[in-house]
2 protein chains.
Amino acid sequence: MSGGGLPRRPTMVDVARRAGVSVKTVSRVVNGAPNVAPDLADRVLAAVADLGFRRNGLASTLRSGQATATIGLIIEEIANPFYATIAAAVAEVAREHDTVLVMASSEEDPDREKHLLLDLCSRRVDGLLVVPAGFDHSFLRAEVQMGLPVVFLDRPAGGLLADTVLLDNRGGARAGVERLVERGHRRIAVLLDSMSVYTMRERVAGAQEACAAAGIGYDDVLIRDGVRDPQAAARTVAELLDRPDPPTALFGTNNRITVGILGELWRRGGAEELLGFDDFELSHLMPRPLTVVSYDAHAFGRSAAELLFRRITGNRSWPSTTVLPTRVIDRGVRT
Amino acid sequence: MSGGGLPRRPTMVDVARRAGVSVKTVSRVVNGAPNVAPDLADRVLAAVADLGFRRNGLASTLRSGQATATIGLIIEEIANPFYATIAAAVAEVAREHDTVLVMASSEEDPDREKHLLLDLCSRRVDGLLVVPAGFDHSFLRAEVQMGLPVVFLDRPAGGLLADTVLLDNRGGARAGVERLVERGHRRIAVLLDSMSVYTMRERVAGAQEACAAAGIGYDDVLIRDGVRDPQAAARTVAELLDRPDPPTALFGTNNRITVGILGELWRRGGAEELLGFDDFELSHLMPRPLTVVSYDAHAFGRSAAELLFRRITGNRSWPSTTVLPTRVIDRGVRT
DNA sequence: ATGAAAGCGCTAACAC
DNA sequence: GTGTTAGCGCTTTCAT
């Protein structure tokens, strides 16, 4: 081989040698510390440029014990607009604190979530923001006790007392379904991802509260669990509407499901009324009336991130739970 | 103060002392190295659990000289579905390589981009994926020469020879506008973000090629620069359509602009034909015919990330430029 | 204002 | 199998 070896990264020792100063002086110049003679500083800067020196932040952090200026964000699915909006809001707050964001998606897998969280702990992030997929987060207790701030977002933690920021899932779902009921619907189908997810349980409970209050009996057939994606939602709608006793209204309990319902209703020209949890861009241009339970997703992400940074910067008050309001945007047909 | 001091993080020395072994043995156990007597391993594990020890990955990386298992991704705007899809694809590939993703948005600000990139270099990421906002990336040359892989995505780098993955912006725009021309349109407005952005220049050039080929003269009035967001797009549409010589078709050169045009056309009930670059979910449910220049955004992100990891794992071939195809999805009215 | 030496937490290299 | 020592690149402490 003709020596394709890459040039070794220069260190402060290399820079010091080249500039004819001590490493400490290089450190001072590189970090903008005061009290360095201008001529020495110039020589150091020249050596830095010549050598292509870039300070090793890992070594710096290790020795100084400073924060890594990094926070971790674990969500379920990056491409979903709900999580993308949260990520954008968190990144915005992180930037305001000169901190970078390590982002990963758990894909609703508790094992993967645990692995990711512990990995981030090893990387000594300054704080963690988690949309939990698992049900037991006690494995984080030691880290939390040693001062690692963790904020849970959208769903509560399991087995760990920690800051939590939630949406008013139950109230929003109840208010949405009440609109359907007011317009005379008695057979309302509810399509949901999985009862193992906190938000789904809450939204279903809210829907059932509204039904119960209106004296509508519970019908097993209308509650459809396991609707994981838009395709599944479309299939479920087809199946429901082909029954002898079809629903007259449908509740999509998250944005993916609502999109799937919408597509299938459009395809078959169904006139059933639709309620969705989560608003989305252009929802007002949909080819049919669509009522949505909406909220400020950006503010949601920001609240959680701001709380995290309050902890990082020393706030030691008792763990809090914040519930953000939702509101119904009613585009249904008036009767 | 009554000693609110947090317990110090235990180190391998603490674990070793507690387990009555040497640090090296702790290191072996913690890293799953072979040749440790089971009873010693058990004692170490017990001490680890008691103390809540978590290996400091920064120190480990520093000493061993191993990779950080981190890549950086710089995009323009996290919440935009185009970038969110790319981020999801990149995260997917990163995961396949047991690597985490540091993500940041430059917000189209070259200074911020430079700052972020150099920060990531200090953090010793294993590679960089960049949707460039700036025009000069020569400040990365030293890093690249020392072996840092960098892949540019969606737009080419400035002043730096590096791997690049692009879309066929020009060909896609040309093909899209050709459809409009085929249907008899002679006055086609083009709304674009900024001519300083590479993709915009290419898309406008493609549109003009199609017009020129059809003998359509250039009309200054119809090329609208500076359309930064959906609101601006809506305003521009209103202004164009209120002119004495309004366009009969509009070309939105990115997803944000197309959304804005769509809203305004819907609001005023305009019958003008619409072409958009970038497809989006539910575009087929829009209340009017909408032709889009589409491509596989997920594959786009994956290609770039896979190329990056090929570099990280040692591929040293000449920098490549890949151009991914687009296709027109024609939902326009047949004449 | 500058430098020498020690050491952050860990692992490589070499004992034993 | 296990332990000792040195040192990754940097910053701290304390001289001068």
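Numbered from 1 within each chain, the chains take letters A, B, ... in sequence-line order.
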Inset, instruction - Name all residues meeting the ring-ring contact (aromatic ring centres under 6.0 Å, His included) criterion together with B:Tyr83; count only those two or more places apart in sequence or in a different chain, and write none if there are none. - result: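 Once residues adjacent in sequence are excluded, B:Tyr83 has no partner under the ring-ring contact (aromatic ring centres under 6.0 Å, His included) criterion.
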Legend entry - Distance-only side-chain donor-acceptor flag, A:Asn31 / A:Arg55, under 3.5 Å: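 Short answer, yes.
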Which residue pairs satisfy the salt bridge (charged side-chain N to carboxylate O under 4.0 Å, His left out) criterion with at least one member in [range], sequence neighbours excluded?
range: residues 64-75 of chain A; result: none
range: residues 39-51 of chain A; result: A:Arg18-A:Asp50
range: residues 60-73 of chain A; result: none

Inset, instruction - Sorted by first residue and then second, give each side chain to side chain donor-acceptor pair (under 3.5 Å) pair with at least one member in residues 70-79 of chain A; sequence neighbours left out. - result: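 The answer is A:Thr70-B:Arg123, A:Glu76-A:Ser106, A:Glu76-A:Arg155.
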Inset, instruction - Any pair with a residue in residues 93-102 of chain A that passes side chain to side chain donor-acceptor pair (under 3.5 Å), sequence neighbours left out, goes on the list, sorted by first then second residue, please. - result: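 Residue pairs passing side chain to side chain donor-acceptor pair (under 3.5 Å), neighbours aside: A:Glu96-A:Arg302.
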Legend entry - Sequence-distant partners of B:Pro81, side-chain contact (heavy atoms from CB on, under 4.5 Å), two or more places apart: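 Applying side-chain contact (heavy atoms from CB on, under 4.5 Å) to B:Pro81 gives B:Asn255.
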Inset, instruction - Under the salt bridge (charged side-chain N to carboxylate O under 4.0 Å, His left out) rule, collect the residues that match up with B:Arg310, sequence neighbours excluded. - result: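 Partners of B:Arg310 under the salt bridge (charged side-chain N to carboxylate O under 4.0 Å, His left out) test: none.
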Inset, instruction - Return the set of residues passing salt bridge (charged side-chain N to carboxylate O under 4.0 Å, His left out) with A:Asp163 (not counting sequence neighbours), or none when no residue passes. - result: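 Partners of A:Asp163 by the salt bridge (charged side-chain N to carboxylate O under 4.0 Å, His left out) criterion, ordered by chain and then number, come out as A:Arg311.
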Inset, instruction - Mark up nucleotides 7-13 of chain C, 5' to 3', with B wherever a protein heavy atom is under 4.0 angstrom from a base atom, S wherever such an atom reaches only the sugar-phosphate, and - elsewhere. - result: BBBBBBB
Legend entry - Neighbours of DNA chain D within residues 33-52 of chain A, by heavy-atom distance under 4.0 Å: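 Correct list: empty, so none.
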Legend entry - Estimated bend of the helix from C:dA1-D:dT16 to C:dC16-D:dG1 (axis per five terminal pairs, rounded to 10 degrees):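 If I round to tens, the end axes sit 40° apart.
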